[in-house]
Amino acid sequence: MPSKMTHQTNMVEKRLNSLQCELKDYEQVMQLMNENMKKGLKEQPDISADLKMYITYVRSLPNGSEVGKFLALDLGGTNLRVLLLELIDGQVLLKSSIYSIAENTMIGPGKELFSHIAACIQQFVEREGLENEDLPMGFTFSFPCKQFGLKKSHLVNWTKGFKCDGVEGEDIVTLLHNAIAEQKLLVRCVAVINDTVGAMVACAHLDQDCQIGIILGTGTNACYMENTTKIEKWREDNTIRQHGEGVIINTEWGAFGNNGCLDFITTEYDKAVDQMSKNPGEQIYEKMISGMYLGEVARQVLVKLIQDGILFKGHLSNRLRTPMAFYTKYLSEIESEEEHELDNLKQVLDELHVMEYSLTDCVIVRRVCEAVSTRAAYLAAAGVAALLERVEKSFVTIAVDGSLYRYHPTFHSKMTDMIGQLLPHRKFRLKLSNDGSGIGAALVAAISTQMTIATLA
Ligand code: ADP
Ligand code: MG
């Protein structure tokens, strides 16, 4: 007779089976990612190409010679940040403030969102005594945008819980400038980038091997330096192409899988998360990886285990029944303590109003968290491996920003491990890009205004 515990463990493993992919599955994800990237770079990208591979117009990376004062805005999904970057003799001085975005503003009229942003800039410049300075500003706007120039960028569609009317299809800089003009501010936006580009540019400032930027935060995305000769859809100056110069491509890889190509690994839990999201059928890869969703994937598994009668004696607390109530930070908290220590885990169960639980229950909850976060790290690794294959450098630094990567205890090591398994001969390192999405925007503003000065001279 198998013991009760073995029976329970077997049932759990059965439930987790679909989340545990094999190396060959990740190899296939890497290959599919590569195929989808190629499709997105074609002269006439297939409308069904999931990876939009947007040209960012950022063609050079900082080299440390930039000087001056620059502002940056960072709208990433969770908060709005305003930053002031002062570059003197290769030194970087940084000041910043965080402003919250109310739920209502996230789904209200676009005009209100931009007025709120302008009001935050006003507060910041007043606090810093900069209201009379005409400062160039870089804007990190981390939503899928089609760019037409460094400061011309149309929002394609909202993601990450935002849904403001009157912004999709519009030029972000125009909307921002209108709001800035209403506040009578002197600031002018000279560049729009997204957070992946910010992470990469900020890291490249100190590390010339940096060729890839990744975000693992509310959402996930990646960018990399591509050779213009490989961009079939390049319609800009042909001399750039003849010289084989590079430009940063924003992959928008969060949408990978929207065409169903990841169906071979998606689970019933992923489908449930997708169905209850604000954008069903979209951002499939993102929903298996990023901070906005991982806790919910774990909650879906826990609820199933409870309904099976395997966990918490079948008792489902009201809190645990609530969508999005299992935060992604719980995964970090639970996984960062030794298995025999249960302080964080008990704290989480307490927050979830789970009153009665056994030691086995605790082991199961941790197993679920590990299964969900490991798959996420491996899937992100498969994407990075596909990008490494495109970058023709013997050693590549990959800049990574975002709270999930920053705080999860094993995300870095699991990603490194899986990239190593997928590409045994490649040399690379994953490096946290501290504050990248803010500093990067200011640096792009610096490069672009200094390029302008150089061109005019
Ligand atoms: P954004 O992507 O909006 O710029 P962040 O990089 O801070 O912001 O990412 C926020 C996301 O990170 C949230 O979805 C949250 O669930 C997740 N997160 C926050 N803290 C942690 C943590 N300790 N461990 C794992 N994920 C976290
Ligand atoms: Mg961010």
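Heavy-atom basis, side chains included; hydrogens, waters and symmetry copies ignored. When a residue number appears, it is its place in the shown sequence, counting from 1. Each ligand, and each atom within it, is numbered from 1 in the order the structure gives.
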Numbering as shown, the atoms of ligand 1 that approach [X] to under 4.0 Å (heavy-atom distance):
{"X": "Thr328", "answer": "16 (O), 25 (C), 26 (N)"}
{"X": "Gly402", "answer": "6 (O)"}
{"X": "Gly291", "answer": "14 (O), 16 (O)"}
{"X": "Met292", "answer": "14 (O)"}

Check for me whether the distance between the ring centres of Phe428 and Phe395 falls short of 6.0 Å. no
Met37 and Leu387, any side-chain heavy atoms less than 4.5 Å apart: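 SC-SC contact between Leu387 and Met37 confirmed.
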For atom 21 (C) of ligand 1, closest protein heavy-atom neighbour: Lys329 CB, 3.7 Å
How far is atom 4 (O) of ligand 1 from its nearest protein heavy atom, and which residue and atom is that? Gly76 CA, 3.8 Å
How close do Leu80 and Ile117 get, counting heavy atoms only, and between which atoms?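 Nearest heavy atoms, Leu80 then Ile117: CD2-CA, 4.0 Å.
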What do the steps show when you test Trp253 against Ile214 for side-chain contact (heavy atoms from CB on, under 4.5 Å), and what is the final call? CA-CA 10 Å; Trp253 80 7; Ile214 307 289; 3.7 Å; yes
Would Asp401 and Arg406 pass as an ion pair if we require N to O under 4.0 Å? yes
Verify, without hydrogens or angle tests, whether Asp270 (side chain) and Thr267 (backbone) share a donor-acceptor contact under 3.5 angstrom. yes
Regarding atom 3 (O) of ligand 1: of the candidates Thr218, Asp195, Leu331, which has the closest heavy atom? Thr218
Tell me which part of Ser332 gets within contact of ligand 1: side chain, backbone, both or neither, using heavy atoms under 4.0 Å. side chain
Tell me whether Ser403 has any N or O atom under 3.5 angstrom from an N or O of ligand 1. yes
